[in-house]
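Numbers restart at 1 for each chain; the letters A, B, ... are given by sequence-line order, proteins then strands.
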Protein chains: 2
Amino acid sequence: MRVSGQRRSTIKDVAEAAEVGVATVSRVLSGTGSASPATREKVLAAAARLDYRPSALGRNLRRQRTGGIGLLVPDITDPFYGRLTDGVLTCAQSAGEPVMIGTTRDDPEREAQLIGSLIEESVERVIAVPSGDGEMWGPAFRAGLSVVFAERPVQGRENIPTVVADDRTGVRTAVEYLAGLGHRRIAFLSRHGQAQRVRAFREALDALGVPVDEELIVRAHSSRDSAYAAASGLFQHRPDLTAVLAGGNMLGEAAVLAAKELDFRVPRDVSLIMFDDVPWAELCYPPLTVISQPAQDMGYRAAELVLREGRRSRTVTLPTELIVRGSCGPRR
Amino acid sequence: MRVSGQRRSTIKDVAEAAEVGVATVSRVLSGTGSASPATREKVLAAAARLDYRPSALGRNLRRQRTGGIGLLVPDITDPFYGRLTDGVLTCAQSAGEPVMIGTTRDDPEREAQLIGSLIEESVERVIAVPSGDGEMWGPAFRAGLSVVFAERPVQGRENIPTVVADDRTGVRTAVEYLAGLGHRRIAFLSRHGQAQRVRAFREALDALGVPVDEELIVRAHSSRDSAYAAASGLFQHRPDLTAVLAGGNMLGEAAVLAAKELDFRVPRDVSLIMFDDVPWAELCYPPLTVISQPAQDMGYRAAELVLREGRRSRTVTLPTELIVRGSCGPRR
DNA sequence: GTGAAAGCGCTAACAC
DNA sequence: GTGTTAGCGCTTTCAC
């Protein structure tokens with residue numbers, strides 16, 4: 001509810017109360033320039049007395065920039081992006097930077113719209129998990145934004161700083177582990193846009209001399225429903241598979257659910273590895289073997305990158321880790 | 001990366017290009033006032049040609065308000081707040097309002113700091129899951145913010161619009177269900193600040209003629225570690241309990257984990273009900289019986305409230321629902 | 001060390 | 001129907 005009638009005190013009010021000029025107030029409060037101890041005191045006292053808070057609006061307009069950083073993620077209810085966001089917020093808050101958040105739902109159009117609104121707000125730094133092919137980022141670059149991509153590299157935008165997990169090693173580790181248990185018909189349950197991981201999957205199979213069965217590589221959109229449909233379809237269409245690698249926690253969730261519903265026992269009938277370690281992986285039955293990704297760190301690093309706009313660090317690749325629990329067994 | 005040298009075009013540029021005054025441009029673009037079709041065309045064409053986007057900075061400064069809304073949640077990695085945030089974003093984005101997000105970690109000091117920074121940014125609408133006792137909201141009200149509380153009511157701020165789940169009914173339903181299965185030694189694993197639910201818990205017990213055992217009411221801080229410690233302590237200290245009601249998904253998680261580690265079988269040794277339905281509740285073993293809360297809706301409604309600042313709707317109470325799965329059984 | 005004044009981009013009041 | 005102008009709160013020359 002709004003308590004009206006209250007006007008926020010401005011720098012002018014403080015100046016009058018302290019009997020100095022506005023410039024002096026500005027200097028004292030922003031720590032720039034010099035001021036005599038006596039004036040300093042007067043200003044500080046007046047500011048405190050009037051409960052003065054400088055208006056970011058005025059400052060930003062004058063300085064022609066908004067300090068804040070924009071954050072674009074596909075889905076904030078996905079624990080992976082939740083942790084990534086947490087990392088960004090941790091870094092940003094400790095730097096005193098406000099964060100504007102938007103969810104793209106992996107829809108390029110929505111993403112373009114959000115970019116537009118960030119430009120309008122004069123946000124000049126943005127961290128994004130890009131959903132499209134990078135076309136819609138043109139306006140952002142033309143507007144002079146500094147952007148950092150997270151989780152997913154964008155084809156044709158290799159010069160943009162990007163923070164990713166080490167997909168290749170992660171996928172390879174998973175595939176090798178599965179193959180070591182005797183599995184040959186390994187499926188990859190992936191999301192559209194995970195081209196990197198699909199490629200790594202094929203490579204890993206190749207390296208082990210296992211023929212690539214394209215039918216075992218399925219792609220879902222980034223919604224629970226789509227993930228479930230893909231998982232369910234996979235199990236029904238190819239009941240001969242003996243192992244599944246899920247490309248993310250929502251895909252893993254779908255795989256567990258679909259397996260349960262279709263009476264595939266894990267790991268007896270089918271082994272399962274999921275990308276992204278989440279708290280419930282330890283809670284479900286059997287506990288899930290996962291390739292963990294440092295989501296929180298990814299966000300933190302991205303925020304660091306976008307804040308230290310200075311040197312143009314390129315791609316940062318963060319390590320993944322195989323955490324063996326109970327969802328993988330020898331080939332039946 | 002930053003492409004420098006580009007200056008964003010301003011209303012003045014558009015005015016010059018269209019050979020009209022700035023006021024006309026403003027009127028045409030904002031749809032206010034009138035303009036002849038011919039001028040309209042000229043202005044629109046010029047704006048499009050120059051890729052003009054009005055600066056929110058200038059507009060806000062002039063209008064003395066920032067359109068955006070601030071959102072303060074304890075922990076964005078908690079699925080409950082994730083869904084709540086999603087609701088807020090859905091509503092805000094469809095209204096074209098930017099959202100500034102901050103995480104309080106349930107720390108009143110951090111919360112106060114974030115409130116301060118929202119004021120500085122001239123955000124004048126905020127949705128918050130309050131962590132403190134409402135003291136720190138004084139400055140916000142004095143600054144004229146319109147605030148809506150979500151999930152938790154604040155003592156002494158009953159006049160502030162608030163969106164909550166129907167805790168009393170939810171808790172009562174859970175307790176009655178448990179009691180109906182024969183349980184008498186029911187524990188409540190709660191979070192600090194859930195006074196409402198604790199009260200409802202006592203009331204529900206009273207109503208059923210079950211004596212309240214204060215030792216069975218434990219409180220954790222809102223971190224995984226604290227939740228686990230509380231759950232583990234509870235099981236070890238009072239192995240005679242036969243049922244546990246967890247006040248949130250992280251507490252439920254902790255209970256499942258602690259039970260597992262201490263070899264309490266669910267539901268044979270101990271029955272478990274958790275507040276908040278999350279995807280993994282269906283995946284774990286046994287599937288968890290829950291009291292679902294409409295987190296997404298809660299966020300959406302809060303955003304609606306804070307945007308339609310008009311009529312002062314008071315507290316909105318959203319229904320909860322008992323979803324029976326497999327984690328409760330008859331008293332052993 | 002300090003103050004006066006310009007001006008960031010925009011809207012609204014007012015003149016024509 | 002349209003242009004001119006003041007001014008939102010702030011920082012930053014530039015004099016003094």
Side-chain angles (χ1 to χ4, degrees), chain A residues 6-44 46-47 50-68 117-124 143-144, chain B residues 6-44 46-47 50-68 117-124 143-144:
Chain A
Q6 281 287 359
R7 207 183 101 275
R8 207 171 131 181
S9 50
T10 76
I11 199 173
K12 216 174 138 201
D13 299 327
V14 178
E16 277 168 16
E19 298 175 301
V20 297
V22 288
T24 304
V25 177
S26 175
R27 275 190 295 253
V28 169
L29 262 29
S30 64
T32 339
S34 48
S36 78
T39 353
R40 259 184 60 83
E41 277 322 305
K42 273 198 300 183
V43 170
L44 258 22
L50 294 181
D51 198 21
Y52 170 70
R53 316 220 36 146
S55 154
L57 244 41
R59 177 175 45 229
N60 292 339
L61 180 56
R62 172 64 225 234
R63 298 213 290 216
Q64 289 291 72
R65 57 195 202 76
T66 299
S117 103
L118 288 177
I119 295 178
E120 241 172 67
E121 300 290 332
S122 298
V123 169
E124 24 133 60
Chain B
Q6 281 286 357
R7 206 184 101 277
R8 203 170 135 182
S9 50
T10 75
I11 199 172
K12 214 173 142 200
D13 300 325
V14 179
E16 276 166 19
E19 300 176 301
V20 297
V22 287
T24 303
V25 177
S26 174
R27 276 190 294 254
V28 169
L29 262 29
S30 65
T32 339
S34 45
S36 78
T39 357
R40 259 184 61 83
E41 278 323 304
K42 275 198 300 183
V43 170
L44 258 23
L50 295 182
D51 198 22
Y52 170 69
R53 315 220 38 146
S55 153
L57 244 42
R59 180 175 42 230
N60 291 339
L61 179 57
R62 171 64 226 230
R63 297 214 291 217
Q64 290 290 73
R65 56 197 202 76
T66 300
S117 105
L118 289 177
I119 294 178
E120 235 169 73
E121 300 291 331
S122 297
V123 169
E124 25 134 61

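- Closest approach of B:Ser34 and B:Arg27 over heavy atoms only: O-NE, 4.1 Å.
- Checking each of B:Ile11, B:Val43, B:Val14 against B:Ser26 for a side chain to side chain contact (heavy atoms under 4.5 Å, CB included) leaves exactly one that passes, namely B:Ile11.
- Minimum interatomic distance between A:Arg53 and B:Ile119 (heavy atoms only, all atoms of both residues): CD-CG2, 4.2 Å.
- Minimum interatomic distance between A:Val25 and A:Val20 (heavy atoms only, all atoms of both residues): CG2-CG2, 3.7 Å.
- In this structure, CG of B:Asn60 is placed 15 Å from P of D:dC10, rounded to the nearest angstrom.
- One interatomic measurement links the two molecules: CG of A:Leu29 to P of D:dT12, which rounds to 14 Å at whole-angstrom precision.
- Residue A:Arg59 places its side chain closer to D:dC10 than to any other of D:dC10, C:dG9, C:dT2.
- Between B:Glu121 atom CD and D:dC8 atom P the separation is 20 Å, expressed in whole Å.
- Of the residues near DNA chain D, B:Ser34 and B:Gln64, the one whose nearest nucleotide (by heavy atom distance) lies more toward the 5' end is B:Ser34.
- Within the 4.0 angstrom heavy-atom criterion, no nucleotide atom of any strand lies near A:Leu57.
- In this structure, the NZ atom of B:Lys12 is 9 Å from the P atom of C:dG7, given to the nearest Å.
- Residue B:Tyr52 places its side chain closer to C:dC10 than to any other of C:dA12, C:dA5, C:dC10.
- Between B:Leu61 and A:Asn60, the closest side-chain pair of non-hydrogen atoms is not below 4.5 Å.
- Using a 4.0 Å heavy-atom criterion, one finds that A:Thr39 contacts the sugar-phosphate atoms exclusively.
- In this entry the distance linking CD of B:Glu120 with P of D:dG9 reads 15 Å, nearest Å.
- Contact between A:Tyr52 and A:Thr10 at its shortest, heavy atoms only, is CE1-C, 3.4 Å.
- The minimum heavy-atom distance linking A:Pro54 with B:Glu120 is given by the pair O-CG, 3.0 Å.
- Residue B:Arg63 has its side chain nearest to C:dT11 when only C:dT11, D:dT11, D:dT2 are considered.
- DNA chain C is contacted by both A:Val20 and B:Leu61; A:Val20 maps to the nucleotide lying nearer its 5′ end (nearest heavy atom per residue).
- The CG atom of A:Asp13 sits 8 Å away from the P atom of D:dG9 (whole-angstrom rounding).
- Considering only side-chain N and O atoms, B:Thr24 lies nowhere under 4.0 angstrom from the phosphate OP1 or OP2 of D:dT2.
- Heavy atoms of A:Ser26 sit under 4.0 angstrom from at least one base atom.
- Residue B:Ser36 has a polar side-chain atom (N or O) positioned under 4.0 Å from OP1 or OP2 of D:dT2.
- Nearest-nucleotide positions on DNA chain D place B:Pro37 closer to the 5' end than the other of A:Arg53 and B:Pro37.
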Identify the pairs formed between an N or O of the protein and an N or O of nucleotides 13-16 of chain C at a distance under 3.5 Å, and give each distance.
none

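- The minimum heavy-atom distance between B:Val22 and B:Lys12, with the atom names listed, is CG1-CA, 3.9 Å.
- Atom CD1 in A:Ile11 sits roughly 12 Å away from atom P in C:dG3 (whole-Å rounding).
- At the heavy-atom level, A:Gly58 lies under 4.0 Å from base atoms of the strands shown.
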